[in-house]
Structures are given as C-alpha cells and as structure tokens.
J.: 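The structure's right below; bear with me while I get my questions together.
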There are 2 protein chains.
Amino acid sequence: MSNNMFNEFLSSESVKLTVKQQRIVQAAIRLFAEKGYSNTSTAEIAKLAEVSEASIFKQYGTKDKLLLALIIPQFKEFFPSMADEVLGQLCRSQSTFEGFLREFLKNRIELALKNKEIFQIIIKELIYKEELKKELIPYIFEVAASRLTQVIELFKERGELTDIPTGKMLKSLFTFVGGFFASQLVLLNKESIDEQEIEDAVRFMLHGIGSSSSNN
Amino acid sequence: MSNNMFNEFLSSESVKLTVKQQRIVQAAIRLFAEKGYSNTSTAEIAKLAEVSEASIFKQYGTKDKLLLALIIPQFKEFFPSMADEVLGQLCRSQSTFEGFLREFLKNRIELALKNKEIFQIIIKELIYKEELKKELIPYIFEVAASRLTQVIELFKERGELTDIPTGKMLKSLFTFVGGFFASQLVLLNKESIDEQEIEDAVRFMLHGIGSSSSNN
DNA sequence: TTATTGAGTAAGTAATTACTTACTTTTTAT
DNA sequence: ATAAAAAGTAAGTAATTACTTACTCAATAA
C-alpha cells in the first residue's frame, strides 16, 4: 500500500459500476465485515459475488486497493460532513451544548448504523493495519478536531463548559465516543441504539458519575 | 477453537518451559502484537525463535491454541486481580472514590504497559475473532462488574456518586476505560502514560466536561 | 463495416499456509 | 546403566493464497 494511496482515493470521482462490479463490492463488504480483511480470500469474494476472481483484479489491481476503495468513500462522508450539517445549524441557534452533543451523536450513529458493515471494517482495520493507522488517524484529527474546537470554544464562552483546555476535552470526548462506537458496533454488534443509551452517553460526557456536590 | 478451550486454559497450571519453548512464546508475542495473528505465519514464528516449525505444533497442536496460551494467563491476571488488590485496601479506608479510581487506573495501566504486547494482541483479537469475543466478553463482565458494583454502591451511599443506576455507571466507565486502553496502547502505541493523562481521565469520568453550574 | 476499447473469464502461476510423519536427541526415572 | 518418556526436527503434505496470462465477447466509434 503506497503512501499516496489515500490521497489518490480521496480525490477519485465516483464512477458508475456495472452489475458485476456492484456484486463484488457488496460481497467484499459483507465478508470483510464478518471475518476481517486478512481472513477473507479473493476467491471467497469472487464466489459470493458470482464473478471470476480475475474480475476483481481487473478493477482493483490488488486486494489492498479493493479494501481502500470500500473504506475511503465512507471516510470522506463521515468525518468532514460531521461538523458541517449538524454544526452550522445548532451552533448559532439558541440551543445548548447538551442539545448539540445529543443531535450530533444521534446523527453520527444513524449514519454509522446505516453503513454498519463498512464501519465495522474501518474500526477493525484501523486497529489492525499499521499503514491505515498512519494515514487515517492524522486525517481524523485534522478534519474532526478543527471543527469541534470551534464549537467547544463557543460554548465555553457561553459558560456551559468547564474551563479545562479544549485539547484535553477533545481527547476525552474522542476516547469516549470512539469507545462507544467500537463497543456498540463491533463488540456488541448492535442493530440499533435506542434513545436512552444516547441519553446516558450524553449525560456521562457532560457530568460524569460524580455527584455535583463533590466538584472541586 | 472449541467451546471449552477457554475453561481448559483457565484451569491449566503454569508449567516450566524449556529454553526453546520460551523462545517460541516470545517470538509469537512479538509477531502477533506487531502484525496481528492472521498476518503471522507459524513459519515466521519458528524462524524468529530459531526452532523448527514442528516444535510449535508439538507443544501447542494448532496455531489457535498457541494464541490462547499467550492470552489466557494475562487475562486471568488482569481482570480477577483487578479488584482484589486495589479494591480491598482502598474501599474500607478513609479514601474517596476519586482516590480509588486514580489508584485503580494507575495500577491497571502499569500492569498493561508491563505486558504491552500481550494487551495489544488481546485488544486486536477481541475485536477481530468472533469466537474469542463470545468467550471473553461475558467473562470480563462477570468478573469485573461484580466487584466494581460493590465499590460503586459503597461510594454511592457515602454520597460521592450520582444516583444514576450502577449498571449504567459501569457501562459508561467500561466504554471510557476500554476506549482509553485501546487508544493509548493500540492506536497510539504509547510506551508510557504520564500522571497528567491519568488525572485528566479521572476528572472526565467524575465530572465530564460540563460546567458544574449546568448540572440538572 | 471494421477497428478499438472495456468488461469479463478459464486456467493457470509460484509462493505460502497450517499442519504431519517419521525420525533423532535429550532428559528423566528406576 | 538403561529403559521410557519427552523434546526437538528435517522434510514433507495438500490446500490455499494473491495475482497473471491469454483469451472471448459485446458495445461503441470511425
């Protein structure tokens, strides 16, 4: 996997796929999510898609590039659009950070559940493959952190958030939200996440488990 | 991997290993942690350990059993002893839940860093292999949750914790602590975790990021 | 019409996979 | 000292791996 693979895919246009190419994509997503990239052979993908193995390599060249072709589009959608939709609307309005956080989580969970298999692949391979880690983690921080920083600082000024440094807040939130997605989607393999679960998560992120009187 | 594999290993006594067997164990740990179980061949392990491949299979029978033989002992140490050491001392003493949480985290982090490679393997394979998930996750909850429940309820009575249900607290704590270990040990591959990082984590778990005045 | 291009594939390829067999060497027990 | 058991290995095995080659067929462009 070359160093500029990620950028190459990031800038690629979406092309119309033939029926057989769509079957390849769907088979690969299914199998990668279920058994993991390393435990899925191209022969298996071809069999499930009912195409010849060579068709896969005609299109994608290598198994690695097939993986990236599945992951990158989701990635492009999940993180950059993360802010822009929810963020703009809620930020300048009358709403609270708590409201923002709730809508933000709901919104991202909905998107992740809609493409659950791809998110399972992303989380699994992000942990498993060193090269992916090195390309995607800086990207996530750059894209996500820069926008969330603005939101956090806005609500800090409104006095709704503590005055601990924004960077530390982001780190804690990433840790919890990352843990939330990993445990719900991958470990527990949930089909849906109900309102109460989201409510509990929001409450924890805002207030923790300590009683309010014990704040120091 | 059979269903009672886990119990079989759990009840096994620790046996003295020969020099070559130790080399096998160390080579396997190194490679599994670095490249993942699926991307490591038994031939590679044998080469790094400077033994014949057959020696591995003489001892462990299958590659799967080798993996379990590495993982299970750590597992036995990490989760059950989790409570007993830190828990008993701190619980009945004068200390606060905050103090308990801090010492608890420090203690577990120290143990995890000391066996960093094995914890990387555990986290990676827990996410990757369905069979492991099904055996280990219930075990974790049973062992860890039962003891932590006691601690939480003790400090609840002392008024140091909110009155949200203990189960929900545990879930949130697991999510955050799990995310913390996964991101620090696997994603960021840290060699050490400094006091301030722990302090920030404790603060987040207790108070979140909301200002204390905005508690509802 | 015919030349070109892109989609698709059957049948390979060499390398690698987890694991075995049949054997030798070393350690331990008596 | 010697028999038995355990530790270790060289040289396999069949199956699977990612990937290639040389081809056919259908659609489009000239």
J.: Could you tell me whether the side chains of A/Tyr37 and A/Asp64 share a donor-acceptor contact shorter than 3.5 Å?
T.: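 A pair is found: one side chain offers a donor N or O, the other an acceptor, under 3.5 Å apart.
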
J.: Between B/Thr40 and A/Ile56, who's closer to the 5' end of DNA chain C by nearest nucleotide?
T.: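 Per heavy-atom nearest nucleotide, the more 5' residue is A/Ile56.
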
J.: Between A/Ile198 and A/Arg102, what is the shortest heavy-atom contact and its length?
T.: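 Looking at all heavy atoms of both residues, the shortest contact is CG2-O, 4.4 Å.
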
J.: Whether the side chain of B/Asp194 engages the backbone of B/Glu197 through a donor-acceptor N/O pair (distance < 3.5 Å, no angle test) should be reported.
T.: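 A pair under 3.5 Å: yes.
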
J.: Please give, in whole Å, the distance from D/dC19 P to A/Tyr60 OH?
T.: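 Atom OH in A/Tyr60 sits about 15 Å away from atom P in D/dC19.
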
J.: Starting from P on D/dA15, measure out to CD on A/Glu44 and report it in whole angstrom.
T.: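 Interatomic distance, CD of A/Glu44 to P of D/dA15: 17 Å.
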
J.: At under 4.0 Å, does any side-chain N or O of B/Gln59 touch on OP1 or OP2 of D/dA6?
T.: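 Negative; the distance criterion is not met.
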
J.: What's the closest nucleotide to the side chain of B/Thr18 if the choices are C/dG8, D/dA18, D/dG8?
T.: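 So the side chain of B/Thr18 is nearest to D/dG8.
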
J.: Considering only side-chain heavy atoms of B/Gln21, which listed nucleotide, C/dT9, D/dA7, C/dT20, is closest?
T.: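 So the nucleotide nearest the side chain must be D/dA7.
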
J.: Among C/dT9, C/dA18, D/dC19, which nucleotide sits nearest the side chain of A/Lys58?
T.: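 Among the listed nucleotides, the one closest to the side chain of A/Lys58 is C/dT9.
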
J.: How close do A/Pro138 and A/Lys133 get, counting heavy atoms only, and between which atoms?
T.: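 Looking at all heavy atoms of both residues, the shortest contact is CD-O, 3.7 Å.
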
J.: Is A/Lys63 near enough to D/dT17 that one of its side-chain N or O atoms lies under 4.0 angstrom from OP1 or OP2?
T.: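 For D/dT17, neither OP1 nor OP2 has a side-chain N or O of A/Lys63 closer than 4.0 Å.
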
